[in-house]
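Structure first, then comments.
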Amino acid sequence: MSSLILRTVARLLLPILVLLSLFLLLRGHNLPGGGFVGGLVCAAAIILQMVAYDTATARRMLRGSPWLLLPLGLGLALLSGLAALLWGQPFMTSRFVSVPLPGGGALDLGLPTVFDLGVYFVVLGTVLLVVLNLGEE
Amino acid sequence: MTWVLDLALAGLAIALVLCFVRVLRGPTAHDRVVALDNLSSTVAGLAGVYAIRLGEAIFLDVLIAVALLGFISTVAFARYLERGAHP
Amino acid sequence: MASHLATDRSKTLLRVPGWRWPLAPVLALALGLFGFVLRRAPAAVAGTPWEAALDWLPALGLSLHLRLDSLSLIFALLITGIGALVVAYSMPYMQGEQGLGRYYASLTLFMLAMFGLVMAGNLLLLFVFWELTSISSYLLIGFRHEEAESQEAALQALLVTGAGGLAMLAGIVLIGQVYGSFDLGVILAEPTRLRAHPLYGWALGLILAGAFTKSAQFPFHFWLPKAMVAPTPVSAYLHSATMVKAGIYLLARLSPLLGGSIAWQATLTTAGGLTMLLGAWQALRQHDLKGILAYTTISTLGMMVALLGLGTAEASQAALVTLVAHALYKGALFLVAGAVDHETGTRDVRLLGGFWAYGPALGLVAALAALSMAGLPPTLGFVAKELGYSAALEWSEQAIASGGLALLVLAANACNVALAVVLGYRVFFGEPGGPWPRKPHGMPWLLVLPGLLLAGASWLVGILPGLLDGAVERAVGLVLPGAHAGHLALWHGWSLPLALSMVTLASGAGLYALWRRRPPAPCGEPRLSALAAYRWLVYRALPGAASGLTRTLQNGSLRFYIMVILASTVLVAGGTLVRSGLLSRGSLSSEAYAWPELLMTALLVAAALGVVLAPTRLGAILSLGAVGSMVTLLYVRFRAPDLALTQLLIEALTVILLLQVFHYLPPGFEEHVRPRRAALEIAVAASVGLLMAGLVLMANGVQFAPPIARYYLEQSAPLAHGHNVVNVILVDFRGYDTLGEITVLATAAIGVYALLRVRRRKA
Amino acid sequence: MSTVQEVLTAALLLAGVFFSFVAAIGIVRLPDLYLRMHAASKTTTLGLAGILLAVLVYFGTYEVVTKVVIVLLFLFLTAPVGAHMIGRSAYVCGVNMYPKTTRYDLERVTIVC
């Protein structure tokens with residue numbers, strides 16, 4: 001029912017948007033972005049598919065139901081908090097490991113980034129769960 | 001340089017007001033959607049002007065987001081109007 | 001627990017041939033406590049009370065602090081002694097009833113609660129036990145819970161004593177405020193501080209409310225006669241000997257603190273006097289044995305309250321001795337009435353008579369107890385009455401006042417004498433008025449022995465008052481610090497009180513003769529009585545008010561709920577904001593006044609108005625989109641890219657969500673609102689707007705604490721390896737909050753999902 | 001910040017703003033929806049392009065250049081699609097045209113709704 005042009009553009013845009021959302025997520029620690037914004041951008045991308053195609057295809061594109069995202073996100077967030085206990089530090093203390101990048105700089109990956117990923121999945125899961133179910137006719 | 005920025009700011013501000021006029025007055029819903037899309041683009045333009053004025057390249061991301069979301073909401077509105085909603 | 005186990009499993013556990021003793025644990029407990037108290041009695045009487053304290057809720061000032069001084073000694077002995085006898089009496093009496101486990105469990109709960117109440121050294125602890133006694137009394141009155149009558153009586157007792165308990169709690173809290181602690185030792189150390197304090201009036205009133213409801217004083221007395229539907233051992237134990245005396249104990253314990261002022265003396269004497277006379281008068285018109293006993297109990301309680309109100313040493317001594325005498329003879333008479341009811345199946349005085357042929361032993365017990373009730377010489381009743389008269393006579397200088405008081409006491413005692421004759425003589429020797437429902441067969445000896453012990457005790461102490469002397473002496477010292485009362489003696493020589501006693505006996509006999517000729521007609525319900533007021537309040541006023549309130553507040557319209565919520569927020573927050581005067585210190589930085597910002601705000605306001613005034617739903621969403629864009633622009637202008645990004649995304653997704661939802665809704669707004677209602681809503685909305693503006697202004701201007709922002713700005717790079725402070729805070733410094741937030745987000749999503757599935761399954 | 005760079009930024013910026021300004025006037029003045037739609041898409045494409053190029057010239061760092069190029073690509077891709085979608089839904093919903101329109105290509109075409 002929807003126009004062909006929109007469908008092609010939507011399919012073309014999906015990779016760019018997901019890339020943008022991951023970009024926003026990973027640089028969140030230093031520059032504006034983070035789990036929350038990344039999650040929303042990715043949700044917007046999926047919603048674009050839903051508008052272009054229909055809810056069923058959008059759901060198939062996810063290859064898993066939005067249900068999985070919620071426990072995954074919360075699990076990640078909790079784990080990143082509990083991980084600190086392994087080193088005997090109180091809950092939620094962050095530890096960092098710096099990954100040398102090919103370009104010479106060093107990327108500080110650490111527990112907060114995992115936590116951010118958790119936030120990313122929860123936000124994505126929430127928005128999708130609501131919008132996809134609303135769209136379901 | 002500063003007068004250029006002020007002039008740009010003024011120009012975009014007037015464009016903003018004009019968009020608003022159309023959003024509020026627009027006889028049909030489509031007019032309002034078009035005006036809203038134009039409004040978000042002008043806001044993106046303003047973000048660009050402020051990027052130069054404040055010397056922060058970070059506003060480019062805001063500009064990207066505005067452009068992206070302007071497009072998605074316009075398409076969503078169009079789809080909603082198409083599916084039998086009255087103008 | 002032990003009692004519950006004992007009775008229900010008694011068939012197997014404690015199979016004693018011939019006689020089943022299911023109650024060994026409870027009896028052991030009662031006697032154990034009695035022994036415990038008796039062993040510490042000499043020390044308490046000598047003035048060194050036994051104490052034990054355990055911290056329970058230090059934050060609240062509540063500690064498990066038990067204290068046995070001589071005032072609580074008297075009560076404790078009564079509670080445990082009569083408790084043991086009542087339990088022994090219950091075994092044959094309650095045989096064959098269902099739910100015995102529940103009965104004995106509540107009885108034990110009551111005994112322990114009452115024991116704790118009189119031993120409590122901490123006011124809050126006293127309140128806890130006080131409420132426990134109310135609850136156990138509710139359970140015991142409502143023992144036969146199928147009958148409507150006992151349900152209503154139990155509820156009535158609970159509501160009245162419970163409400164009084166709450167008032168007392170308020171009073172206790174006030175006292176706690178004044179002294180800063182709830183410990184009785186601390187409070188009674190300097191009693192005058194409360195009297196000087198402005199809160200004294202309130203504390204007095206509230207504590208008296210608690211005491212008067214518990215001890216069934218005049219306006220709140222109606223629950224006690226109704227409570228007679230309880231099994232007789234319960235009436236004997238709770239509603240004559242111990243529970244109704246809790247109020248008297250409270251007045252005695254707090255009299256050094258609250259007493260001494262005109263208000264105290266006036267309320268106690270008037271309330272006590274009124275109850276005394278009313279009780280006596282009503283008792284004469286009862287035809288049910290337990291009814292007579294109930295109303296005479298109310299009358300004696302009134303007398304004790306009045307005596308405590310007089311405030312002299314003799315009066316307090318008289319009150320305490322009357323308390324002990326009443327507990328003994330009234331307990332015995334109740335047990336006799338129970339036995340008669342158990343044998344003949346009726347308690348109607350007009351039918352009963354000539355029971356001597358069936359239970360001579362019971363007759364003896366009744367005679368002994370009745371003599372003590374009438375106040376004849378060798379009994380404790382006589383000693384108490386004498387003290388009462390001498391206290392009344394020496395109360396105040398003016399002869400008329402003390403004479404008048406003595407006359408009132410005489411009238412009440414005369415009624416007591418008349419009814420004592422009824423109970424002691426008529427039931428056993430008079431001729432039966434009519435056929436009895438049950439032929440009395442052999443009476444178990446356990447129905448008689450407890451009564452005998454009680455009546456015997458009242459005679460023993462009557463003959464040798466010295467036994468009580470030390471304890472009462474020390475207790476009076478506690479009730480009125482520094483006061484010194486004379487020694488108890490059976491014989492004070494030929495004195496005016498003795499003459500008054502003679503007059504009482506004579507008038508009592510006259511009253512009995514009058515009573516016999518005109519048998520009491522059952523008195524109808526007076527329209528204006530406290531009971532009618534209680535019924536109106538509980539069954540009509542409260543339910544009516546509640547449903548009225550629910551109808552107005554829960555009328556189903558979402559708009560109304562939101563308006564009510566917003567209006568109350570404005571009132572509360574706005575009120576405090578204005579009153580605190582912080583508003584004036586709010587400031588707006590000058591930088592915000594340049595023309596771009598003004599234009600942006602103007603457009604923002606226009607868009608917001610657009611949302612409200614839009615005729616169709618789509619128009620509203622579009623204006624909402626415009627509002628979102630303008631707010632994003634403001635964030636860009638004030639150099640907050642992070643906020644701008646988030647705002648933008650949220651706004652776009654909200655628009656898409658609304659579009660999805662509005663697809664199912666009619667295009668236009670359906671609700672048409674009456675102009676008057678719309679005006680109200682506009683007013684509320686405007687005030688909320690003003691409130692928010694005020695809050696922002698205040699927050700901008702007022703610094704409550706050094707800004708934490710500086711700490712985060714400095715620490716974000718070294719500690720958290722991140723330059724984007726906003727995200728660092730969100731994820732690292734205050735990660736724990738974010739964990740909470742995303743859990744909330746996930747739960748919300750599940751909630752929406754569930755709602756949608758419900759709709760789909762219905763569709 | 002050499003003067004050439006400054007002049008170029010100023011020129012590009014003014015061009016961008018000019019296009020947005022004219023488009024805004026177009027939206028208000030033009031009689032019916034379809035004409036206004038032409039004006040609207042100009043802001044998104046030319047207006048923003050001018051400003052973005054100005055930003056590119058002004059900053060000139062490696063990062064900004066890549067971002068601007070991506071955004072321009074994104075804009076030039078989505079703006080026409082957006083306009084197309086609105087036009088389509090307008091025509092389907094029967095938004096009537098300006099009475100004095102001369103060419104009417106869609107007379108024979110019926111769109112499956």
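Excluded from the calculations below are hydrogen atoms, water molecules and symmetry mates; all remaining heavy atoms, backbone and side chain alike, are included. Note on naming: letters A, B, ... go to the chains in the order of the sequence lines (proteins, then strands), and numbering restarts at 1 for each one.
Within 6.0 Å of OH in C:Tyr736 there are 12 or fewer heavy atoms belonging to other residues, nucleotides or ligands. The local environment of CZ in C:Arg677 is crowded, with over 12 non-hydrogen atoms from other residues, nucleotides or ligands closer than 6.0 Å.
For the set A:Leu78, A:Val119, A:Val122, the count of heavy-atom pairs under 4.5 angstrom toward chain C peaks at A:Val122. In terms of heavy-atom pairs under 4.5 Å with chain A, the best-connected choice from C:Thr738, C:Ile656, C:Leu643 is C:Thr738.
Interface remark: A:Leu69 contributes no atoms to any contact with chain C (heavy atom separation under 4.5 Å). In this structure, chain C has a heavy atom under 4.5 Å from the side chain of A:Leu70, while its backbone stays farther away. For C:Leu645, the part lying near chain A is the side chain, with the backbone staying farther off; criterion is any non-hydrogen pair under 4.5 Å. In this structure, chain C has heavy atoms under 4.5 Å from both the backbone and the side chain of A:Val130. With a threshold of 4.5 angstrom between heavy atoms, C:Leu653 approaches chain A through side-chain atoms but not through N, CA, C or O.
Taking 4.5 Å as the limit, some side-chain heavy atom of C:Ile650 sits within range of a side-chain heavy atom of A:Phe36. Counting only heavy atoms from C-beta outward, the side chains of A:Leu134 and C:Val752 never approach each other to under 4.5 Å.
Nearest heavy-atom pair across C:Ile750 and A:Leu129 is N-CD2, 4.3 Å.
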Check the pair A:Tyr120 / C:Ile742 against side chain to side chain contact (heavy atoms under 4.5 Å, CB included), numbers first and verdict last. CA-CA 10 Å; A:Tyr120 177 86; C:Ile742 50 176; over 6 Å; no
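Note that CG of C:Leu649 is 10.5 Å distant from OG of A:Ser21, once rounded to the nearest 0.5 Å. Rounded to the nearest 0.5 angstrom, A:Asn133 CG and C:Leu756 CG are separated by 5.5 Å. Here the CG atom belonging to A:Leu40 is positioned 12.0 Å from the CD atom belonging to C:Glu651, to the nearest 0.5 angstrom.
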